[in-house]
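Notes to accompany the following structure.
Keep in mind the model is a prediction, meaning the values are calculated, not measured. FYI, the numbering just counts along the sequence from 1.
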Amino acid sequence: MAFVNDNYLKLKAGYLFPEIGRRVSKYASDNPTAKIIRLGIGDVTEPLPSAIIDAMHRATDEMGKRETFRGYGPEQGYDFLRNAIAKNDFTSRQANVSPDEIFVSDGSKCDTGNILDIFGSENVIAVTDPVYPVYVDTNVMAGRTGAADESGRYARLVYLPVTAENDFTPSLPDRKVDLLYLCYPNNPTGTVATRATLKKFVDYAKANDAIIFFDAAYEAYITDPSIPHSIYEIEGARDVAIEFRSFSKTAGFTGTRCAFTVVPKGLAAKSANGESVDLHSLWNRRHTTKFNGVSYIIQRGAEAVYSETGRTQVRSMIDFYLENAAILCRGLKAAGLVVHGGVNAPYVWLKTPGGMTSWQFFDHLLGKAHLVGTPGSGFGAAGEGYFRLSAFNSRANIEEAVSRITSLLR
Ligand SMILES: *Cc1c(COP(=O)(O)O)cnc(C)c1O
């Protein structure tokens, strides 16, 4: 018999979303008349704006004609898209990122996992707690974590708690770490990092020769003009940070698939013999070896996000979700709950009432109000006692959800 990758056996059983799915299916089959509203998994619900669909139609027609047909494109992405990204997402915010530092891909989930390919297994890794589970699980698979204890914490990971007690602002690691994941606006807490917080982490990374993985999947939801959208808005970040961006939540591409990773030229880490190695070339090597590019049609769709019409349409879609989040926040507060997030992010992070655990509140909400959310403890030990609701839904469902929670807590 061949051998498996034993690291996979260290993954905590019952990954969060399958467990939620199991409980919801059981409840639905036991209670077939219950009208269940799902505010659990973070997936968008609004259709793609017409500017994007039109661009993809045009690109599809090009693929059907000999003169304009395209085969393999550049693995790193077409220039038209890399140029549009550099100009609109970075140059316009005084963040210095050039088109050839942008690697277009089919998703940030894969990029945040794949990036580990170019880093050595001896790195010490820090994550926030709670955290987007992908960062942890991909490190487990890559053999970087050791085994998990009862609370699900892995021996070799460094956890930075983010709770109401520290105003959801992680402290710096109390020891030297090499790789550090930050996600802002944050999934799951819906909170943001100020310029000062990001500066603190950039300075730490500089002082400790660490690399920050900055996941900005929700940057388009930032409403507060003082909050940075990119870590490269912070002085010195080019020397210490890799940034992940995705069109999934910012333009409704969860089913269409397009994202990108920024690896600044000059960013470096060291080899086993202590030599400085350029990470941009290493990632370029990895990307071009293991990836063959995003479909031309999809890249034309992504380019249209930056057109005048596209921008307006995407903005109104984001505003729609943000209004949903505002309705959730207002309604839950009026119902007596303590809520966080939901202002610069499509997630509302609430404190479970009456000292319930996250899973107790999940079962309570499902059983009594037919609402599905995500237990905070599924995102990490420090998420215990919290609960995530997503603003990705129809207005009618959001309003119905608020009214059910209000009745439930009355
Ligand atoms: C949704 C999400 C992403 C985007 O993933 P894609 O693979 O690009 O769809 C990345 N990071 C976080 C934290 C997310 O919630």
Side-chain angles (χ1 to χ4, degrees), residues 51-52 55 59 70 73-108 110-112 114-115 182 184-185 195 198 202 211-222 225 227-251 253 256-268 278-288 291 293-315 318:
I52 296 168
R70 311 215 180 194
E75 293 95 336
Q76 302 89 341
Y78 284 102
D79 283 344
F80 62 77
L81 180 56
R82 299 170 95 194
N83 290 336
I85 291 169
K87 175 163 169 271
N88 294 283
D89 283 330
F90 298 104
T91 313
S92 71
R93 296 193 175 276
Q94 277 75 52
N96 172 14
V97 169
S98 65
D100 60 357
E101 295 174 320
I102 293 163
F103 295 85
V104 176
S105 78
D106 59 357
S108 278
C110 8
D111 284 348
T112 52
N114 290 336
I115 196 75
L182 293 177
Y184 286 105
R195 189 170 282 279
L198 292 182
V202 166
I211 303 279
I212 296 171
F213 295 151
F214 190 72
D215 185 345
Y218 296 94
E219 61 80 25
Y221 292 82
I222 294 172
I227 301 295
H229 288 236
S230 165
I231 196 158
Y232 304 118
E233 291 175 55
I234 308 301
E235 200 203 324
R238 283 183 55 89
D239 303 330
V240 295
I242 290 174
E243 182 163 303
F244 302 94
R245 291 271 189 118
S246 172
F247 293 96
S248 283
K249 317 303 173 12
T250 60
F253 273 56
T256 308
R257 314 305 305 144
C258 197
F260 58 93
T261 291
V262 179
V263 186
K265 288 183 169 165
L267 184 65
D278 178 52
L279 291 172
H280 181 275
S281 353
L282 222 55
W283 180 247
N284 190 55
R285 188 75 170 88
R286 192 265 167 216
H287 195 76
T288 54
F291 188 64
V294 172
S295 146
Y296 172 70
I297 298 164
I298 302 303
Q299 291 193 60
R300 281 295 185 196
E303 180 193 25
V305 170
Y306 302 105
S307 68
E308 209 175 305
T309 322
R311 238 198 301 245
T312 312
Q313 293 176 336
V314 164
R315 192 63 245 165
I318 304 274

Quick check on Arg195: does its CZ atom have over 12 non-hydrogen neighbours (other residues, nucleotides or ligands) under 6.0 Å away? yes
When you compare the side chain of [Y] with that of [X], does any pair of heavy atoms fall below 4.5 Å?
X      : Y      : value
Asn114 : Trp283 : yes
Tyr232 : Asn96  : no
Arg311 : Asn88  : yes
Gln76  : Asn284 : yes
His287 : Ser105 : yes
Gln299 : Phe80  : yes
Ile85  : Tyr306 : yes
Val314 : Thr250 : no

Distance (rounded to the nearest 0.5 Å) between [X] [atom1] and [Y] [atom2]:
X      : Y      : atom1 : atom2 : result
Glu233 : Glu219 : CD    : CD    : 9.0 Å
Leu267 : Leu282 : CG    : CG    : 11.0 Å
Phe214 : Arg245 : CZ    : CZ    : 8.5 Å
Cys258 : Glu303 : SG    : CD    : 11.0 Å
Asp215 : Leu182 : CG    : CG    : 10.0 Å
Thr261 : Ile242 : OG1   : CD1   : 8.0 Å

Is the backbone of [Y] close enough, under 3.5 Å, to the side chain of [X] for a donor and an acceptor to pair up by distance?
X      : Y      : value
Tyr184 : Ile227 : no
Ser246 : Gly107 : no
Arg315 : Ala220 : yes
Gln313 : Gly310 : no

Looking at every heavy atom in both [X] and [Y], which two are closest together, and how far apart are they?
X      : Y      : value
Pro228 : Ile234 : CG-CD1, 4.1 Å
Asp278 : Gly266 : OD1-N, 3.4 Å
Ile231 : Ala241 : CG2-CB, 3.7 Å
Phe291 : Val104 : CE2-O, 3.7 Å
Pro185 : Ile222 : CG-CG1, 3.5 Å
Ser98  : Ala86  : C-CB, 4.3 Å

Measure the acute angle between the ring planes of Phe244 and Phe213, then classify it against the limits of 30° and 60° as parallel, tilted or perpendicular. perpendicular
How are the rings of Tyr296 and Tyr78 set to each other: parallel, tilted or perpendicular (split at 30° and 60°)? perpendicular
Within residues 91-108 or reaching into it, pairs that qualify as salt bridge (Lys or Arg N to Asp or Glu O under 4.0 Å) - sequence neighbours excluded: Asp100-Lys265, Glu101-Arg238
Phe103 ring centre to Arg286 NZ or CZ under 6.0 Å, with the angle to the axis within 45°? no
Would Arg82 and Phe260 count as a side chain to side chain contact (heavy atoms under 4.5 Å, CB included) here? Give the steps. CA-CA 9 Å; Arg82 299 170 95 194; Phe260 58 93; over 6 Å; no
